[in-house]
**Q** 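Before we start, here is the structure in question, set down as structure tokens.
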Amino acid sequence: MSSSAEAPAFDPWRPSFVADPYPAYAELRERGRVHWFEPSRQWLIPRHADVGALLRDRRLGRTYLHRFGHEEFGRTAPPPEHEPFHALNDHGMLDLEPPDHTRLRRLVSKAFTPRTVEALVPTIQRLAAELVDSLVTAGGGDLIETVAEPLPVAVIAEMLGIPPADRPALRPWSADICGMYELSPGEETARRAVRASVEFSAYLRELIEARRKAPADDLISGLIAAHDEGDRLTEQEMISTCVLLLNAGHEATVNTTGNGWWALFRHPEQLARLRADPDALLPTAVEELLRYDTPLQLFERWVLEDIEVGGTVIPRGSEVALLFGSANRDPARFDRPDTLDLSRTDNPHISFGAGIHYCLGAPLARLELIASFGALLRKAPGLRLVKEPERGANFVIRGLRELQVEL
């Protein structure tokens, strides 16, 4: 079958595919390096080498608007009623290209230096221990709700300077906004995302105004100070940056925690190894759990100039879907890719991306994961599954709705 033929194995709206997309990925990799997928009108890229190369290829971009108008690029502008979502999304650094991306990333990266992140270790470990203590006291519960979600939300909210009383609204806003990152989201998804964008933006506008009057030792105050010192930063960029940090700053950690524990419960021999020597094994175990069941399955890029992949020309104006989940199971790059091996050391997974859009918060996510897994292994050594978990309906952002456990 030619590389440009449609990909029947790939069906991101079928529940059985969402439950386990990895056999379909294997079929895609076997059949070729690039596949046209008519339902979303995208080119699917399933192999590790190609995904890694295209993430670094400057002929592709997260946006095209820095070089082309919608019509010029052969695309239709989004409907006017979606504008609040696009105003929020399109001004965050993940969806910008240089020079705007460079400017914003330089400002925000000051909050994610190795020294700054290292200084958060005691706070992260304390929060993880407190959350696990609550789970232990209760004798069990939903691991997602009690540990996986509160930890990264608390950490990034603390960094941004969001008061504790306001934090319960953050996760629902984030979930509604992230619904738009799925393939061909429906009108109801768009409506929820627009509403969340309006509410989240209004909240941050008020908080920014409060920090202007009374600066604090937090990232929002730092962005205001950078703006006042001459770094060009619009209020919309400030709001979009805060939302991006909150969304990206917890989605991967929450879903790796849930997916990771579900994988461990299905591989009791690996869980036993980890329990026997958590300190030695946790660093490689976290990398392996990120690879084995990838929290972000797909990353989209626009083709700004014609490219060629495996003999197929992908023309300007196309969109490629880089399949992270497939790349992380590619036998051309990983030994026994479908085997969960917590001591795997040759593990160049791309769960955090690559190139200029490589995840700025990756070191922070790793610290949070090591802290939460470590606290659960030490304080709840008899942790076990109550029932098979229910997986979320979404494909692109892969996670569980809940993970019921007992001691």
Side-chain angles (χ1 to χ4, degrees), residues 81-92 94-95 108 111 120 123-124 127-128 130-131 134 141-182 185 188-214 216-224 235-255 257-258 295 361 364-365 368 372 392-394 397 399-402:
E81 61 270 24
H82 294 180
E83 176 56 27
F85 166 79
H86 289 286
L88 185 62
N89 184 72
D90 297 355
H91 289 85
L94 184 61
D95 282 80
V108 177
L120 289 168
T123 303
I124 293 169
L127 286 168
E130 289 170 358
L131 292 167
S134 297
D142 178 6
L143 192 66
I144 306 294
E145 185 182 21
T146 57
V147 178
E149 284 184 354
L151 176 63
V153 171
V155 171
I156 199 70
E158 192 73 29
M159 290 179 75
L160 286 167
I162 294 174
D166 297 345
R167 293 173 190 174
L170 300 178
R171 178 72 171 155
W173 280 335
S174 174
D176 284 347
I177 289 167
C178 289
M180 286 294 272
Y181 304 141
E182 293 301 315
E188 174 58 24
T189 299
R191 193 181 61 76
R192 285 200 303 269
V194 166
R195 186 181 61 214
S197 299
V198 170
E199 292 173 0
F200 206 167
S201 297
Y203 169 76
L204 285 168
R205 209 166 269 117
E206 282 184 24
L207 187 60
I208 289 166
E209 194 51 44
R211 288 292 180 273
R212 278 206 175 96
K213 293 172 182 168
D217 183 19
D218 58 42
L219 186 50
I220 289 177
S221 301
L223 291 173
I224 293 167
E235 184 176 73
Q236 183 59 64
E237 286 175 338
M238 213 177 290
I239 290 168
S240 297
T241 296
C242 292
V243 171
L244 171 64
L245 290 174
L246 190 280
N247 291 354
H250 77 274
E251 286 291 346
T253 310
V254 171
N255 293 322
T257 305
L364 181 62
E368 291 168 349
S372 75
N394 291 341
I397 297 175
L400 303 175
R401 288 191 206 278
E402 61 171 24

**Q** So with a 6.0 Å cut-off around CD of E199, is the heavy-atom count from everything else above 12?
**A** yes

**Q** I need the minimum non-hydrogen distance between E368 and T253, along with the two atoms involved.
**A** OE1-OG1, 3.1 Å

**Q** Anything under 3.5 Å between a donor and an acceptor, one on a side chain of residues 201-211, the other on a protein residue two or more places apart or in another chain? List them.
**A**
| from | atom 1 | to | atom 2 | distance (Å) |
| --- | --- | --- | --- | --- |
| S201 | OG | S197 | O | 2.7 |
| Y203 | OH | D166 | OD2 | 2.7 |
| R205 | NE | E235 | OE1 | 3.2 |
| R211 | NE | D218 | OD2 | 2.8 |
| R211 | NH2 | G161 | O | 2.6 |

**Q** Please assess E182 against I397 for the test side-chain contact (heavy atoms from CB on, under 4.5 Å), listing each intermediate value before the final yes or no.
**A** CA-CA 7 Å; E182 293 301 315; I397 297 175; 4.1 Å; yes

**Q** Minimum heavy-atom separation for P168 and P164, please, with both atom names.
**A** CD-O, 3.7 Å

**Q** Using side-chain heavy atoms (C-beta onward) and a distance below 4.5 Å, is L364 in contact with I124?
**A** yes

**Q** For a quick test of reading the model, state the closest non-hydrogen atom pair linking A196 to I177 and the distance between them.
**A** CB-CG1, 3.9 Å

**Q** Going through the checks in order, is the side-chain contact (heavy atoms from CB on, under 4.5 Å) test met by T146 and S134?
**A** CA-CA 8 Å; T146 57; S134 297; over 6 Å; no

**Q** Please report the closest heavy-atom contact between C242 and L223, naming both atoms and the distance.
**A** SG-CD1, 4.5 Å

**Q** Please report the closest heavy-atom contact between A128 and L151, naming both atoms and the distance.
**A** N-CD1, 3.9 Å

**Q** Mind listing the closest non-hydrogen atom pair of N255 and P295 along with its distance?
**A** CB-CB, 4.0 Å

**Q** Name all pairs fulfilling the side chain to side chain donor-acceptor pair (under 3.5 Å) condition that reach into residues 149-164, sequence neighbours left out, sorted by first residue then second.
**A** E149-R171, E158-R167

**Q** Is the closest side-chain donor-acceptor distance between Q236 and S240 under 3.5 Å?
**A** yes

**Q** Less than 4.5 Å apart, any side-chain heavy atom of V108 and any of T241?
**A** yes

**Q** Quick one: are S174 and L246 in side-chain contact, heavy atoms under 4.5 Å?
**A** yes

**Q** So D176 and F200, side-chain contact (heavy atoms from CB on, under 4.5 Å) or not? Walk me through it.
**A** CA-CA 11 Å; D176 284 347; F200 206 167; over 6 Å; no

**Q** Calculate, to the nearest 0.5 Å, the distance between atoms CD1 and CG belonging to I156 and L219 respectively.
**A** 7.5 Å

**Q** With a 4.5 Å cut-off on side-chain heavy atoms, are T123 and V155 touching?
**A** no

**Q** Side chains of Y181 and N89: donor-acceptor distance under 3.5 Å anywhere?
**A** yes

**Q** What I'd like to find out is whether the side chain of I224 reaches to under 4.5 Å of the side chain of M238, using heavy atoms alone.
**A** yes

**Q** Can you find a pair of side-chain heavy atoms, one from L170 and one from H250, that are under 4.5 Å apart?
**A** no

